[in-house]
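Below is one structure; the comments refer to it alone.
So that the names make sense, note that chain A is the first sequence line, chain B the second, and so on, each numbered from 1. The structure presented is a predicted model; accordingly, all values stated were derived computationally and were not measured.
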Amino acid sequence: MQQKLSLYNTLTRKKEVFEPLHAPHVGMYVCGPTVYGEPHLGHARSFVTFDVLYRYLRYNGYKVRYVRNITDVGHLENDADEGEDKIEKRAKLEHLEPMEVVQHYTNVFHQDMEKLNVLPPDIEPRASGHIIEQIQMISEILENGLAYEVNGSVYFDVQAYNKGHNYGKLSGRVIDDLLNNTRELEGQQDKRSPLDFALWKKASPAHIMRWPSPWSDGFPGWHLECSAMSRKYLGTTFDIHGGGLDLMFPHHECEIAQSQASHSHSDAARYWVHSNMITINGQKMGKSLGNFINLRELFSGSHKMLTDQYSPMTVRFFILQAHYRSPLDFSNEALQAARKGYLKLMNGLRVLDKLEYSEEGHTPDEKLNEDLQKLAQDCFRGLNDDMNTARTIASLFNLLKKINSLYLGQLPLQALTRGTFDTLQNTYKDIVQEVLGLKEESSLDTEEMLDLVLDFYKEAKETKAYDKVDSIRAELKKQGIVIKDLKSGIDWAYEE
RNA sequence: GGUAACGUGGCCGAGUGGCUAGGCUCAGCUCUGCAAAAGCUGCUACAGCGGUUCGAAUCCGCUCGUUACCUCCA
């Protein structure tokens, strides 16, 4: 009854029906964060997007192996020979071991992702743990004559590669245009062409992060880890490769080149999926522009652009209310609207739980049943159409209107068939919770609520309404709270 | 300069050539002890100018404007 999931494939520039290579198994690789700074809203968008894809594939019964890496080595500060490793730069700044910095920001990243209800991947490999695999891949590319060694460093020979392959197929670049428009960067003397990129870099004496290799003590190039790790865990050809749009060129282009040039001879993934950027006042939010908003600042409301704190689920809803391939503009106002929308959706969940269907006296209204079935179908239609969560959410709100009307008796519950009722309930709940990954987050301040209850308790005691007193005690006990009548007043404690 | 997008009502944001996207805001109504919630109604837009078409926000062209990638970046 449902149509199939279509995804926009950057490689072919069109939407394609998703067919896994080895159903029911699906292999998915997503470029993870470089752990040298606080996760920000941009990270959230990418990882929430692919989290929904992961969830939806699983919802459809696929057995997904989701690999998302942690980049803890290898990203140069610039393309110059004296370029410092990003991790290392930060480490020197803070007088910490590089791996200490890596661990710290990895932890922060994990915490933030958990708050956003982003499921952990099945495998989360680290670049530093796969040096051997990367060296292996470099050897293969050298064997195939598509890389060359200079002074202990190894570079990918883009022009040689382009004779038998198409460098630029993913991002639509033309190699001659690239050559004409390359900037002059310092420290590129070793390269035969400015387009060539490093597979292995010899470490300068001061460089801490270094590993032995056949060519020098050094470190792997920026793009290699994803090629090596995706191949190790998903095979030479797998189903989906995801990442932010800004990684399309050169990162993903280089990945394809590396895969083709090694013994893999493959584009790596069959579907390349890219999520768009978050903008702020119409400009891309990015590290280089210094205009990014950390997730922590968002959650705590500490950023100067924010009037309030915005909960993780509000942020998640905000992201999901736009299609992942459109740029999404950030503003305090938009977040305000997102919060309301999110809460509205959550209230629907509660209302749905309170609805009880009874076979008695039901007089099915054919048109109403049809309408509701169609509204439910619309939710899936949106998801299947290139994961259009914006449309899905719009459909959910349409469904919610009916749910609320049923709850208030403005629409008679008896007019529904059992099947329609179940569809209504399952569709709404499943999509909101399982697929979109939105969950209730209690904003209630427990202590405050407890104080309120204790006031009632006190009042009941004073008026000697002991049945009330007993029932309050009993209810609180269910929550693991005991009331203590002290001479000094009333207090509570966790039940031990 | 090269390449690729985009320009939708007060704001955000969907949109497959013809049929109400949706959310937020605002106004009114129903309900309500007051409120809140919820429902209903209204504010009905597609940058501009041409063209194709019976019909275009949707296709084509031009103009204006904005952005992204080309350099680390989700």
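- Counting to the nearest Å, the P atom of B:A37 and the CG atom of A:Leu349 are 19 Å from each other.
- Between B:A47 and B:A14, the distance separating the two P atoms is 15 Å to the nearest Å.
- In this structure, A:Lys344 does not reach the B:G22 phosphate: none of its side-chain N or O atoms is under 4.0 Å from OP1 or OP2.
- Separation of the P atoms belonging to B:G33 and B:U25 is 25 Å when rounded to the nearest angstrom.
- With both ends at atom P, the span from B:A38 to B:G23 equals 11 Å, rounded to whole Å.
- When each of B:C69, B:G22, B:A68 is scored by its nearest atom to the side-chain atoms of A:Gln321, the top-ranked nucleotide is B:G22.
- Phosphate contact (OP1/OP2 of B:G15, side-chain N/O of A:Asn388, threshold under 4.0 Å): present.
- In the set B:A74, B:A14, B:C69, B:A14 carries the atom at the smallest distance from any side-chain atom of A:His323.
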Stepwise, does the side chain to side chain contact (heavy atoms under 4.5 Å, CB included) test hold for A:Arg316 with A:Asp51?
CA-CA 11 Å; A:Arg316 190 172 172 113; A:Asp51 183 54; 2.8 Å; yes

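- Partner A:Tyr271 forms a ring-ring contact (aromatic ring centres under 6.0 Å, His included) with one of A:Phe238, A:Tyr29, A:Phe18 and no other, that one being A:Phe18.
- For the pair A:Asp329 CG and B:A5 P, the computed distance is 21 Å after rounding to whole Å.
- Across all strands shown, A:Leu328 has heavy atoms under 4.0 Å from sugar-phosphate atoms exclusively, and none from any base.
- Within the nucleic acid shown, A:Asn398 comes within 4.0 Å of sugar-phosphate atoms alone, with no base atom in reach, counting heavy atoms only.
- Exactly one residue among A:Phe109, A:Tyr66, A:Tyr324 makes a ring-ring contact (aromatic ring centres under 6.0 Å, His included) with A:Phe47. That residue is A:Phe109.
- In this structure, A:Gly341 reaches the sugar-phosphate backbone alone: every heavy-atom distance under 4.0 Å involves primed, P, OP1 or OP2 atoms, never a base.
- Across the interface with RNA chain B, nearest-nucleotide mapping of A:Ser46 and A:Gln336 shows A:Gln336 to be the residue nearer the 5′ end.
- Across the protein-nucleic acid pair, A:Ile393 atom CD1 and B:A21 atom P stand 18 Å apart, rounded to whole Å.
- Residue A:Met285 is classed as a base contact, given a heavy-atom separation below 4.0 Å to a base.
- For the C1' atoms, the distance from B:U44 to B:C60 is 27 Å, rounded to whole Å.
- Taking the side chain of A:Arg391 as heavy atoms from C-beta on, and the options B:C24, B:C73, B:G15, the nearest nucleotide is B:G15.
- Within the nucleic acid shown, A:Ala390 comes within 4.0 Å of at least one base atom, counting heavy atoms only.
- Residue contacts shown for A:Lys340 are limited to sugar-phosphate atoms, with no base heavy atom under 4.0 Å away.
- Where RNA chain B pairs in unbroken runs of 3 or more (Watson-Crick or G-U, both distances under 3.5 Å), the stems are B:1-7 with B:64-70, B:10-12 with B:22-24, B:26-30 with B:38-42, B:47-51 with B:59-63.
- One interatomic measurement links the two molecules: CG of A:Leu375 to C1' of B:U20, which rounds to 12 Å at whole-angstrom precision.
- Atom-to-atom, NZ of A:Lys15 to C1' of B:G15 comes out at 10 Å; the value is rounded to the nearest Å.
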Please test A:Tyr233 against A:His130 for ring pair (Phe, Tyr, Trp, His ring centres under 6.0 Å), starting from the C-alpha separation and ending with a verdict.
CA-CA 11 Å; A:Tyr233 298 111; A:His130 296 76; 5.6 Å; yes

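- If you check every strand for non-hydrogen atoms under 4.0 Å, A:His40 touches a base.
- Rounded to a whole angstrom, the distance from the P atom of B:A37 to that of B:G48 is 37 Å.
- Other residues, nucleotides and ligands place no more than 12 heavy atoms under 6.0 Å from the OH atom of A:Tyr407.
- Taking side-chain N and O atoms only, A:Ser326 has a distance below 4.0 Å to OP1 or OP2 of B:A14.
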Walk me through whether A:Asp353 and A:Lys429 qualify under salt bridge (charged side-chain N to carboxylate O under 4.0 Å, His left out).
CA-CA 10 Å; A:Asp353 277 338; A:Lys429 280 185 160 180; 2.8 Å; yes

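- Side-chain atoms of A:Glu114 and A:His110 include no donor-acceptor pair closer than 3.5 Å.
- Atom CD1 in A:Ile278 sits roughly 13 Å away from atom P in B:A74 (whole-Å rounding).
- The nucleotide whose nearest atom lies closest to any side-chain atom of A:Leu178 is, among B:C70, B:G39, B:C73, B:C70.
- Between B:G39 and B:G7, the two P atoms lie 30 Å apart (nearest whole Å).
- Nearest nucleotide to the side chain of A:Phe397, out of B:G23, B:C11, B:A68: B:G23.
- The CD-P distance, from A:Glu253 to B:C73, rounds to 14 Å in whole Å.
- No more than 12 heavy atoms of other residues, nucleotides or ligands shown are found within 6.0 angstrom of CZ on A:Arg350.
- Residue contacts shown for A:Ser275 are absent, as no nucleic acid heavy atom lies under 4.0 Å away.
- Between the side chains of A:Asn107 and A:Gln103, at least one donor-acceptor pair of N or O atoms lies under 3.5 Å.
- Within 6.0 Å of the CZ atom in A:Arg325, the count of heavy atoms belonging to other residues, nucleotides or ligands exceeds 12.
- When the P atom of B:A37 is taken as reference, atom CG of A:Asn347 falls 10 Å away, rounded to whole Å.
- Residues A:His43 and A:Lys401 each lie close to RNA chain B; by heavy-atom proximity, the contact nearer the 5' end of the strand is made by A:Lys401.
- The side chain of A:Ala337 has B:G23 as its nearest neighbour among B:C11, B:G23, B:C70.
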